[in-house]
Amino acid sequence: MPRPHRLRTALVVVASVVVVALLATVLAGVVVLRRPLPEVSGTQTVPGLADEVRVTRDARGVPTIVAGTAADLFAAQGYVSAQDRFFEMDYRRHVASGRLSELVGEEEDALAADKVVRTLGWRRVAEQEWQQLPAQARDWLEAYAGGVNAWLEGRDTAEMAMEYTVLGRRVPVERPEPWDPVDSLVWLKAMAWDLRANYDAELNRALTYASVGDVARVEQLFPAYPQDRNLPVLDAAAVAPRAAAPVAADVDLTAVLAEPDLQVALAAADRALAAVPHLVGEGDGVGSNSWVVSGQHTASGKPLLANDPHLGISAPGIWSQVGLRCADVDDDCPFDVTGFALAGVPGVVIGHNDRLAWGLTNLGADVTDFFLERVQGDQVLVDGERVPLEVRTETIEVAGGDDVEIEVRTTRHGPIVSDVLDVAAASRTPVPEGAPGVRFEVALAWTALQPGRTVEAILAMMTAEDADDVAGAAALFDVPSQNIVFATTDGHIGYQAPGRIPVRAAVPAGPVPADGTWPRPGWDSRYDWQGWVDPAQMPRVLDPAAGFVVAANQAVAPAGLGPFLAVDTDYGYRAQRIRDLLAGEIEAGRPVDAATTARMQTDQRNPYADVLVPALLEVDVDEPFVAEGQDLLRRWDHDQSADSAAAAYLAAVWSDLLRLTFADDLPEGHGPSGDSRWLEVVRTILADPTSPWWDDRSTPGVVEGRDEILSRALSEARYGLTAQLGSRTEDWAWGRLHVAAPRHPVLGGEGVPAVVRGLVNPSPRAVGGGSAIVDATSWDASSGSFAVRNAPSMRMVVDLGDLDSSTWVNLTGTSGHPGSVHYDDQLDAWARGDQFPWPFSAAAVEADAVDRLTLVPGED
C-alpha cells in the first residue's frame, strides 16, 4: 500500500525534454560536461578578499582552505562551494524558497511544491532570522555569499553547471541571481523539515482512526518504547524527575475525529505536505548512529567518536567535505576545523577541531503539532469567539508560463495546510448559500516557523573546546533538534540534547491522548503550546560511568524523567546492538581502536530475524517448494549481508507479512513501512495467535489467525522471489534486491531519457544492511521495492589520540559536477564499508595534497 506520490529530493524533469534536443547536448558531451569543471590549481582572482588564501585538494578533491582572517576563510569557502556545487546550491534555494517553478517551468509537481512551501513560509522566517543575527554572524554569512558571487561573476550558465544547459532545451533559463545570505538560512529550514519528528505518526494516528474506529487499537500500532530491552541514551542517574505541568480540561476528540469533513481535511493536509520536496531524506529510515568511547577502553588511551547520519541517497550526496583553517588561530580568526559541510551554508556541521570532535543524530523531539481548526470564512473559532485569520497573497513565477497566485491563511498556531492544493473541495459537505457554515481545517505548528539561531550554533560548535562550550552552542541549536555526542583531546566524552522543545499543557487521561501524539483542538486555547523547555534543563552527561555514550535515535531518557521530548522515537534496536558490541569488546579486554569502530558501523546483524525466524520455523509447511525457503532461515546466522539468500527471503517474508496483516486496516497510502516500530508491533502480536490484527477484514465469514498469516507470508515470499530472482534459492542474494542507487534530483528520474540519466546517475551498488540494522540502509516495505531509501550519508571515525589517524567516507563524492572524477569516486568504498584516511595536521594535509590553488584579492 504505497504512499501517494511524493516529490522526493525534487521533481523529475519529464520526457518533454525532447530527445532530439538532448542528443544535440550529448553529442557535445565533452564540452557540456567538462566546461563547468573548476580550476583547482594555479592562481585565481577573487574580489573582496583582504589577502591571499591557499586551497589544497587531496586525491578525492577534498579542499582544505587556509586564510588569514575569518572573513577571507568564509569567502573562500563560498567560492570553493560554488566551484564544486553551485547548481545544487541554486536548486536547494529555489526549493526552500518555494520558487522551483522559476527554475524548471510548468510542472505540476513543482507548482504543488511551491504552493506548500510558500504556505509554510520558510523564506519569510529566514528573512526574520537574518534581521536578528548578531553582527559577527552576519559578517561571516555575507563573506560566504561574497565568495559565491565572486565565482559567479563573468560566467555564463554553461560554465556554471551542465544542468542549466539541459534545462535550457526546455524552458527559458535565466542567469542565476547573486547569492544572498538569506539563501543560506532558508536552506537550513529545508533541512530541518526533513529531520522533524512525529509529524507522520501524528497524522497517521488520526487517519487510521477513521478506518479502525478505536483509539486503543490505534495505539496498539504505536507501542511504548521497550526500555527494558533497548536502553535509552541516558540512565536514570543522569536525568532529573519530570516537573509537573499545568493542567487543562480534557476535550473528547473521538466524535470530532469521526467527522467526515475533518477526515477530508486531514487527508488534504497529508496530501499537501507530501508534496514538499525532500532535500536530505524522508520516511522512517531518516536517523543516525553516533557514539563516543572513553580513553579507558581505547587503544590510544584517548576517546574515539563515530557518526554516520542516515539520510536520503542522492547524486551528489548531501555532504561536502572541507577543512577550514586560520593561518594563525586567535580570537579574531579562531577556526581550525575539518569535517562535513552543507554546500550553501558556511562552516562545518559535523567534524572536529584541534580540541574537540562532535557528531549529530536526530533526537526525534516532537516539535510539530497539527491543530484542528473550526473556520468560518476568514475567521477561526477560539474559546467560543471568532478571531480573524491572517491572510496573505503569494505570487509564484513560472519559467515560460503565467504567474500563479495563492492565498495563504494562518491561525495563531501556524499556516492552514489542508486547503493549499484544493484537493479536498470535491469531498466537502456543501454549505448552503448564505449559511455561516463551519469548516474543519488543519493548521501546522512547528518550532522552525519562527526565527531561530541554528546558524549561530553551527558557527559556535566549530570552536568548542569542552562540555560548557557544547552546551552554549546547543542552546542556539533551535532546529532541527539533534543529539550531540562529543569527545575532547584531553580525555572527556559527553552527550548534550539541544533544540527548541514546546511545552504542552497536560490534561487528564481521556480517550485521545493530548501529549502531542494526536492532533489537538485548536478552538480551545488551553491546548496551545505553553512555551519552551529551558535549555538548561535539556538532558546532558559528562564522562558517564559506563565509559561510552550511544545516541542512535532511541529514547533519550527513561520514561517520566527529564523534560518531555517525544513519544515517537526510534525503538532502539540499532542503539542496543551498538551498546552490546561495545560492551563485548570491553568485557573481553580488547581495547577499541578506529578500525574496530569503523567495522561496527557496518554491522549487519538483523533484529528482525531474532524476532521472526523462531516463529516462522514453527510453521508447518507442507509444500516442498516453499519449505526450501524456510530451510534457508533454519541455516542462517541472521547476518543481513549482500550475498545472503536467507536475508533476501526474510525481507520478502517481512514485506508480505506486513501487507497480509495490516493492509485491510490502514488508510490508503499509509501502509506499514517496516521500520523498528512495526518490528515492535509484530513482536507483540506474535504472542497472541488470535489478535484481531491477524484477521483479514476483506474475507468476511473467515477469521484468519497468526499461523495462517505466517504460512501465507512464507509461501507468497517464495513465489515472489522466484519471479524476481529465479527458482533456485542458491541464486538468491539480498544485494540483488537491495541496491543503493543515488539519483540526480532534477535529471535523474524515469521521465528523463536514459542517455541523460546515465550521465547524472551513478551506477547502483548492491549493499547489505537494512532497516533497524546498524548498517542502516533502510527500505520501505510498503513500497513494493527493496531498494535503499535512506542510508549512511557519510561515515566518520575520529581518534582523539591522534587526529591524523581518523577516517571518513562520503556517499558519492565531493563534486556536484557529473563530469568530474570526484562526482562518485567514494561510492565504491562507501558500498564496501571502507573509509579513507582523514589527515588534519598541517603537515599531513600538505603531504596529502595533489592540487594547489591560490586565491588573490581583486578589485570589488
Side-chain angles (χ1 to χ4, degrees), residues 46-51 53 65 67-82 86 89-90 92-93 96-97 99 121-153 176-192 320 322 324-326 329-337 341-349 353 447-464 469 472-480 498 500 535 855 857 860:
V46 178
L49 291 180
D51 204 344
V53 176
I65 302 169
T69 68
D72 278 0
L73 189 67
F74 289 120
Q77 187 186 10
Y79 188 89
V80 171
S81 297
F86 181 73
M89 295 164 59
D90 193 27
R92 284 174 172 173
R93 67 170 167 176
S97 298
R99 296 172 50 201
W122 293 347
R123 191 169 189 92
R124 290 165 57 89
V125 180
E127 288 169 348
Q128 296 171 39
E129 288 180 352
W130 172 250
Q131 296 300 323
Q132 297 178 17
L133 285 177
Q136 186 177 70
R138 288 165 64 103
D139 288 346
W140 291 343
L141 282 160
E142 286 178 332
Y144 184 91
V148 175
N149 294 328
W151 181 83
L152 288 175
E153 186 66 31
E177 62 196 35
W179 191 262
D180 188 286
V182 176
D183 294 331
S184 298
L185 300 179
V186 76
W187 157 223
L188 292 177
K189 294 297 177 188
M191 178 187 71
S320 299
V322 67
L324 300 173
R325 172 164 284 154
C326 294
V329 179
D330 54 29
D331 290 343
D332 293 329
C333 193
F335 301 105
D336 189 6
V337 62
L342 297 166
V345 180
V348 167
V349 178
N353 56 40
T447 55
L449 295 183
Q450 51 189 287
R453 305 178 67 182
T454 297
V455 75
E456 294 178 66
I458 292 172
L459 296 170
M461 277 300 303
M462 291 193 293
T463 59
D469 290 342
L476 305 172
F477 210 130
D478 293 312
V479 289
R500 177 186 289 161
L855 306 179
D860 292 330

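Keep in mind that this is a model prediction, so the values were computed, not measured.
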Gly78 and Val148 have their tightest heavy-atom pair at O-CG2, 3.3 Å
Hey, does the side chain of Arg138 reach the backbone of Pro181 with a donor-acceptor pair shorter than 3.5 angstrom?
no
Side chains of Tyr79 and Ile65: does their closest heavy-atom pair fall under 4.5 Å?
-> no
Separation between CG (Asp332) and OG1 (Thr69), nearest 0.5 Å, reads 9.5 Å
In this structure, CG of Asp183 is separated from CZ of Arg123 (nearest 0.5 Å) by 4.5 Å
When rounded to the nearest 0.5 Å, the distance separating CG of Leu459 from CD of Gln136 is 8.0 Å
- Query: Hey, does Pro346 have a side-chain heavy atom less than 4.5 Å from the side chain of Phe74?
  - Reply: yes
When rounded to the nearest 0.5 Å, the distance separating CD of Glu142 from CG of Asp180 is 9.0 Å
Exactly one candidate in Asp336, Thr463, Asn353 meets side-chain contact (heavy atoms from CB on, under 4.5 Å) with Val329; the answer is Asp336
For Pro451 and Gln128 the tightest heavy-atom approach is CG-OE1, 3.4 Å
OG (Ser184) and CD (Glu129) are apart, to the nearest 0.5 Å, by 11.5 Å
### Query
Is there a side-chain contact between Arg93 and Trp187, using heavy atoms and a 4.5 Å cut-off?
no
Counting heavy atoms not belonging to Glu153, are there more than 12 under 6.0 Å from its CD? no
Of all heavy-atom pairs linking Ala126 and Leu185, the shortest is O-CD1, 3.6 Å
Heavy-atom closest pair (Cys333 atom, Ala67 atom, distance to 0.1 Å) is SG-O, 4.4 Å
Between Leu152 and Glu177 the two heavy atoms that sit nearest each other are CD1-O, 4.0 Å
- Item | Side-chain donor/acceptor of Thr454 to backbone N/O of Phe477, under 3.5 Å | no
Ring-plane angle category for Trp151 and Phe86, please: parallel below 30°, perpendicular beyond 60°, tilted otherwise. tilted
- Message: Any heavy-atom pair between the side chains of Glu456 and Leu133 that's under 4.5 Å?
- Response: yes
Report task. Look at the side chain of Asn149 and the backbone N and O of Ala145, then say whether any donor-acceptor pair between them is shorter than 3.5 Å. Result -> yes
Next item on the list: Compare all side-chain heavy atoms of Asp478 with those of Thr447 and state whether any distance is below 4.5 angstrom.
Entry: no
Backbone N/O of Val53 and side chain of Asp72: donor-acceptor pair under 3.5 Å: no
Heavy atoms of Gly347 and Gln77 approach each other most closely as N-OE1, 2.8 Å
The reported gap from CE in Met89 to CG in Leu342 (rounded to nearest 0.5 angstrom) is 11.0 Å
So Val348 and Leu324, do their side chains get closer than 4.5 Å, heavy atoms only?
yes
